Amino acid sequence: MAESKNGFSSSFGAIMAAAGSAIGLGNIWRFPYICGKYGGGAALVLYLVFVFLIGMTLLLSELVIGRRTGHTPMKAFEALQPKRRAWRYVGLIGIITCFLILSIYLVISGWTLNYFWESVSGTLASVADGDFAAHFAAFAASPVAPIVCLVVFAALTLVVILGGVQNGIEKVSKVLMPVLLVLVLLLCVRSLTLPGASKGLAYLFHPDFSKLSWEGVLAILGQALFSLSVGMGVMIVYGSYIPKSDNLFKSAMWITVCDTAIALLAGVAIFPAVFAFGQSPDGGPGLVFNVLPVVFNSMGNVGSIVFGGAFFLLLAVAALTSAISLLEAVTAWGAEYLHKRNVSAALITVLSCVVAVLAAYAYEGGVLGGVKLGGMSLFDWLNKLTGDYLPPICALLTILFFGWVVKKDVVRDELSNGGTLPTRWFEFFYLVLARWLAPIALIVALVAGI
Ligand code: PFF
């Protein structure tokens with residue numbers, strides 16, 4: 001059970017670590033863009049509904065499964081349903097998903113480290129506005145630099161995991177999350193004080209229901225799930241470290257609020273500046289590596305170094321705390337079999353670096369870029385599997401297990417800390433959200449995705 005393990009020492013530490021997992025690249029390079037593209041305020045309202053009703057239901061169910069059993073995903077499913085052991089394979093799908101996301105996260109996080117360095121060293125300031133796309137393409141396709149960056153990033157992640165749950169993950173999250181908040185606020189102030197900033201705010205927040213298509217609804221739902229890091233067992237593992245006395249509902253609420261707040265602040269930090277300098281909005285690598293460097297360069301040499309540096313540091317920090325949670329989930333799973341946490345962590349880091357190197361080489365223009373399966377490179381496959389398929393499948397099976405297989409009394413007992421906390425909302429959460437709404441939403445998302 002959780003107490004016998006080395007878990008988080010406080011509610012604050014637990015919330016910071018889980019929020020660190022949730023707040024990642026997706027908050028910064030995907031959320032604001034999806035909002036703007038699919039109707040600004042209209043998309044935002046829908047996102048809030050999805051993230052608080054469906055995302056948080058999944059988050060809470062994973063935290064309950066983890067804390068109740070004190071185990072990592074496979075064993076957790078087994079402990080809650082020893083008679084039907086096949087459920088444990090849901091945990092396995094989650095762990096595989098974590099491993100694959102970690103590999104692709106390492107590649108992209110490595111890019112952000114490189115861009116941080118190129119910002120503060122003044123290299124980006126000397127690139128001409130029209131040359132950024134070529135600059136990024138040349139970097140991503142080069143055989144050495146992206147690999148060095150991803151290995152450095154993996155090593156940083158590993159060091160934190162080797163520190164342990166309390167002295168590694170919890171301590172680092174308690175420092176990095178406030179740093180992340182300061183960085184995003186600094187960028188918001190700069191962005192909002194630029195002449196013409198209001199156009200960016202209008203893009204983000206002005207409700208335009210005509211842009212809210214069916215495709216948009218699905219993208220917004222997918223983003224709500226990805227953003228809370230649900231559907232891969234990470235939150236089951238973190239749940240197993242949460243103190244027994246914590247109120248899980250409150251923790252889930254705080255994690256969701258922090259994640260949403262940073263996503264909104266990221267939008268305010270990015271789009272007013274993008275519009276103020278006459279650039280067009282974009283998402284993903286295009287936004288981060290092609291559009292934003294032009295924006296930072298328009299702020300002059302010092303602006304490029306300070307604000308470009310702050311932005312890429314923000315990205316790297318957000319990516320690091322997410323990568324930590326992914327490596328921790330797989331490490332803890334491995335340690336249940338290897339009985340040696342450090343060996344498990346090192347082994348998994350090496351393996352995911354191998355997959356990451358292959359993925360990096362498979363990116364456009366790379367040595368393996370031409371190797372395609374079904375028209376897609378390994379990089380594209382990993383992106384697709386970890387983005388569109390595995391997490392919703394795993395989330396659906398998890399919520400079906402939680403709502404229909406785990407005994408209702410067990411869930412109530414865990415959420416009320418053995419009957420000591422009031423749970424007026426329990427019936428609505430369990431009967432409406434967990435049993436029906438969340439599974440239906442996931443089925444719709446999956447069917448539409450296929
Ligand atoms: N929630 C992260 C993001 O929004 O970028 C992505 C992520 C991190 C998903 C960690 C899953 C995970 F375990």
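Fair warning: this is a prediction, and the values are worked out from it, not measured in the lab. Whatever order the structure lists ligands and atoms in, that order sets their numbers, starting from 1. Index from 1, following the sequence.
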Can Thr72 and Glu336 be said to form a side-chain hydrogen bond (donor to acceptor under 3.5 Å, both in side chains), step by step?
CA-CA 8 Å; Thr72 58; Glu336 284 196 336; 2.7 Å; yes
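Ring centers of Tyr238 and Phe8: under 6.0 Å apart, within the cut-off. The ring of Phe116 has its center no closer than 6.0 angstrom to the ring center of Trp111. You'll find the ring centres of Phe153 and Tyr105 outside the 6.0 Å limit.
Using modelled atom types and a 3.5 Å distance limit, the side chains of Thr398 and Glu62 yield no donor-acceptor pair. Tyr38 and Gln223 are not linked by any side-chain donor-acceptor pair at a separation below 3.5 angstrom, with hydrogens and angles left out of the test.
Under the 4.0 angstrom criterion for non-hydrogen atoms, Cys98 is not in contact with ligand 1.
Using a 4.0 Å cut-off between heavy atoms, Ser325 contacts ligand 1 through its side chain alone, with no backbone atom that close. Residue contacts with ligand 1 for Arg30 are absent, since no atom lies close enough (heavy atoms, distance under 4.0 Å). At a heavy-atom cutoff of 4.0 Å, ligand 1 is contacted by the side chain of Tyr105 but not by its backbone.
Among protein heavy atoms, atom 2 (C) of ligand 1 sits closest to Ala22 O, 3.5 Å. Met232 SD, 3.2 Å is the protein heavy atom nearest to atom 11 (C) of ligand 1. Ranking the protein heavy atoms by distance from atom 9 (C) of ligand 1 puts Ser229 OG, 3.7 Å first.
Distances from atom 13 (F) of ligand 1 to the heavy atoms of Val234, Leu228, Leu25 show the closest one on Val234.
Residue Ser21 has at least one heavy-atom neighbour below 4.0 Å for each of these atoms of ligand 1: 1 (N), 2 (C), 8 (C), 10 (C). Below 4.0 Å from some heavy atom of Leu326 lie the following atoms of ligand 1, by number and element: 10 (C), 12 (C), 13 (F). Residue Ser227 approaches ligand 1 through these ligand atoms, each under 4.0 Å from one of its heavy atoms: 1 (N), 4 (O). Those atoms of ligand 1 that come under 4.0 Å of a heavy atom in Gly26, given as number and element, are 3 (C), 4 (O), 5 (O).
Each of Phe139, Tyr363, Phe136 was evaluated against Phe289; a single residue qualifies, Phe136, per the ring-ring contact (aromatic ring centres under 6.0 Å, His included) test.
Taking the ring centre of Phe226 as origin, the terminal cationic atom of Arg30 falls inside the region bounded by 6.0 Å and 45° from the ring axis. Under the 6.0 Å distance and 45° angle rule, Arg88 does not count as a cation-pi partner of Phe77.
The shortest N or O to N or O distance between Ser322 and ligand 1 is not below 3.5 Å.
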